[in-house]
Amino acid sequence: MKVYNPFTQHPLRIGILGGGQLGKMYCEAASNWNWEIWILDQKKDFPAGPVATHFVEGDFTSYDDVYAFGKQVDLLTIEIEKVNVEALDKLAEEGLPVHPSPKALWIIRDKGHQKTFYEEEGLPTAEFQLVRDLHEINQLIEEGQISFPFVQKARTGGYDGRGVAIIRERSDMRKAMDTPSVIEPLVDIEMEISVIAARNANGEITTFPSVGMHFHPEANLVEYLFSPSGINAALEKEAERIARDAIRTYGICGLLAVEMFVTKDGKILINEVAPRPHNSGHHTIESCSISQFQMGLLSICNLPLPGVRENIPAVMVNILGAEGYTGEAKYEGIVDALSMENVFLHLYGKKDTKPFRKMGHATIVDQDLSKAIEKATFVKNTIKVIA
Ligand code: ADP
């Protein structure tokens, strides 16, 4: 299997579809190693604009733009799933290394395909049914084939909790969406965790320790995550095994973030996966022996993958646009937050804010995780993004 080694092959142009914060952090990691990163996204003033080696303005959902971009680079990856897969297919067919593979991306982009894949491959996930529309949901409820409480997930187009409706009883049906969906029983969740796995074309796999996720009750966005997750050693081993099985079964080179439920009765179920860097791996920049971004870069190039050591417990908080403000972003409280020890701030440089938009994140490290959580809560309450 060919190795792409940007340390010795000059120039090796690594292309990334998407110039948001994940693209930006990929560029930052690559910059430390002097690697050349090309980004495709709509506007050069997007987060990755100032740090990319080359920023190509274009639309990653357009066949023509993705295809033309692919022709300019030596290796192609993504930081967002919503890209033109047909163009990736064509580029891969013509010999360009595309990671994750278009086939895996096609499965992952549709929650219905994802769930069917887990079922067929024997990967643990909650039971599910696929429905065409609201009419079919109502029909199945009448026939007793769907019972309350249940969770409806739009097969495509949802993210960060949008496109998910929790239907506890009949009166919640007004929240139900009229769209092709996955229906799952409401799982009795003890904790939500994520394990990021990385794999190279040689088949080497490595994983980051599991992190625990704590959700914002309204926005359904991760409010903070903490590492280590605190699950017991047997569950940790199980979570790692599932993440390894998932990335191997998908045949993905690069990163796969595997979001899982730990159920009250001690089982682990895959909720969903993301074949790219993930919010649940941001803390690795400061707290681990290698960051998810560096690991992602090594794995798409088929370079050897080191094991991961967590040097210090960490908490990551998203810095979200404050409710009630839309427009050019202004920041309050940053200096107060930064005056504390071990607070690492990342602002993404998005020009405009809106409620709950991810504008940045902060990682707080501390040998004592509860102190880090306390400090993270302070940081979250102190930094305000307004307009
Ligand atoms: P998104 O793609 O928007 O992140 P998810 O499928 O991860 O959507 O669902 C968002 C959240 O909804 C999950 O993190 C979890 O808290 C809750 N959820 C999803 N599925 C279930 C389920 N079957 N049972 C209980 N809660 C669920």
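Side-chain atoms are counted along with the backbone in the values below, which use heavy atoms only and exclude waters and symmetry mates.
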Interatomic distance, [X] atom [atom1] to [Y] atom [atom2] [nearest 0.5 angstrom]:
X      : Y      : atom1 : atom2 : answer
Ser280 : Gln292 : OG    : CD    : 7.0 Å
Asp172 : Gln152 : CG    : CD    : 11.5 Å
Leu76  : Leu91  : CG    : CG    : 6.5 Å
Ile16  : Lys24  : CD1   : NZ    : 14.0 Å
Asp41  : Ile80  : CG    : CD1   : 7.5 Å
Asn84  : Phe60  : CG    : CZ    : 11.0 Å

For [X] versus [Y], what's the shortest heavy-atom pair and its separation?
X      : Y      : value
Asn318 : Lys380 : O-NZ, 2.8 Å
Pro97  : Tyr4   : CG-OH, 3.1 Å
Leu369 : Ser227 : CD1-O, 3.9 Å
Val365 : Glu286 : CG1-CB, 4.5 Å
Val195 : Ala243 : CG1-CB, 3.5 Å
Met359 : Ala329 : CE-CB, 3.7 Å

side-chain contact (heavy atoms from CB on, under 4.5 Å), that's the test. Do Arg155 and Val182 meet it? Break it down for me.
CA-CA 6 Å; Arg155 289 183 62 157; Val182 175; 4.2 Å; yes
With sequence neighbours excluded, what pairs up with [X] under the side chain to side chain donor-acceptor pair (under 3.5 Å) test?
X      : result
Asp368 : Ser370
Lys153 : Glu184, Asn271
Arg276 : Glu81

Could you tell me whether a side-chain N or O of [X] sits under 3.5 Å from a main-chain N or O of [Y], the two making a donor and an acceptor?
X      : Y      : answer
Ser210 : Glu236 : no
Thr53  : Ile37  : yes
Ser181 : Val131 : no
Asp178 : Asp133 : no
Gln294 : Ile290 : no
Thr61  : Asp59  : no
Glu204 : Leu305 : yes
Lys375 : Val315 : no

Give the C-alpha distance, both sets of side-chain angles, the deciding distance and a yes or no for side-chain contact (heavy atoms from CB on, under 4.5 Å) between Lys358 and Lys350.
CA-CA 9 Å; Lys358 283 182 190 159; Lys350 295 178 185 175; 4.2 Å; yes
May I have all residue pairs that pass ring pair (Phe, Tyr, Trp, His ring centres under 6.0 Å) and include part of residues 293-340, sequence neighbours excluded?
Tyr26-Phe293
Cationic N near anionic O, under 4.0 Å, [X] to [Y]:
X      : Y      : value
Lys71  : Glu94  : yes
Lys90  : Glu86  : no
Glu272 : Arg109 : no
Glu240 : Arg244 : yes
Lys43  : Asp45  : no
Glu374 : Lys371 : no

Please check if atom NZ in Lys82 has more than 12 non-hydrogen atoms from other residues, nucleotides or ligands closer than 6.0 Å.
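Incorrect, the count does not exceed 12.
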Any chance CD of Glu341 has more than 12 other-residue heavy atoms, nucleotides or ligands included, within less than 6.0 Å?
no
Would you check, one step at a time, whether the test side chain to side chain donor-acceptor pair (under 3.5 Å) holds for His278 with Glu259?
CA-CA 10 Å; His278 193 253; Glu259 292 185 43; 3.0 Å; yes
Before giving the answer on side-chain contact (heavy atoms from CB on, under 4.5 Å), spell out for Ile39 and Glu79 the whole-Å C-alpha distance, their side-chain angles and the decisive distance to 0.1 Å.
CA-CA 10 Å; Ile39 296 268; Glu79 59 111 56; over 6 Å; no
Apply side-chain contact (heavy atoms from CB on, under 4.5 Å) to residues Leu130 and Thr116 and explain how you reach the verdict.
CA-CA 9 Å; Leu130 301 181; Thr116 307; 4.0 Å; yes
Parallel under 30°, tilted from 30 to 60°, perpendicular over 60°: which one fits the rings of Phe226 and Tyr224?
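Because their plane-to-plane angle lies in the 30° to 60° range, the rings of Phe226 and Tyr224 count as tilted.
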Give me the ring orientation class for Trp38 and His54: parallel if the planes are under 30° apart, tilted from 30 to 60°, perpendicular past 60°.
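Tilted.
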[X] versus [Y]: any side-chain heavy-atom pair under 4.5 Å?
X      : Y      : answer
Glu192 : Phe261 : yes
Met25  : Tyr348 : yes
Met173 : Ile167 : yes
Phe148 : Ile141 : yes
Phe356 : Glu323 : yes
Met295 : Val308 : yes
Asp352 : Glu328 : yes

Only one of Val3, Asn200, Asn5, Ile14 clears side chain to side chain contact (heavy atoms under 4.5 Å, CB included) with Cys301; which?
Ile14
Just checking Tyr67 against Phe69, ring centres under 6.0 Å apart?
no
Does Glu169 form a salt bridge (Lys or Arg N to Asp or Glu O under 4.0 Å) with Lys175? I'd like the steps, not just the answer.
CA-CA 11 Å; Glu169 52 197 16; Lys175 291 194 276 179; over 6 Å; no
Please test Thr263 against Asp265 for side chain to side chain donor-acceptor pair (under 3.5 Å), starting from the C-alpha separation and ending with a verdict.
CA-CA 5 Å; Thr263 67; Asp265 57 358; 2.5 Å; yes
Identify all side-chain donor-acceptor contacts of residues 247-258 below 3.5 Å with residues at least two apart in sequence or on another chain.
from   : atom 1 : to     : atom 2 : distance (Å)
Arg248 : NH1    : Asp245 : OD1    : 3.0
Thr249 : OG1    : Asp245 : O      : 2.4
Tyr250 : OH     : Tyr118 : OH     : 2.9

Can you list everything that forms a side-chain contact (heavy atoms from CB on, under 4.5 Å) with Asp336? Sequence neighbours excluded, please.
Thr382
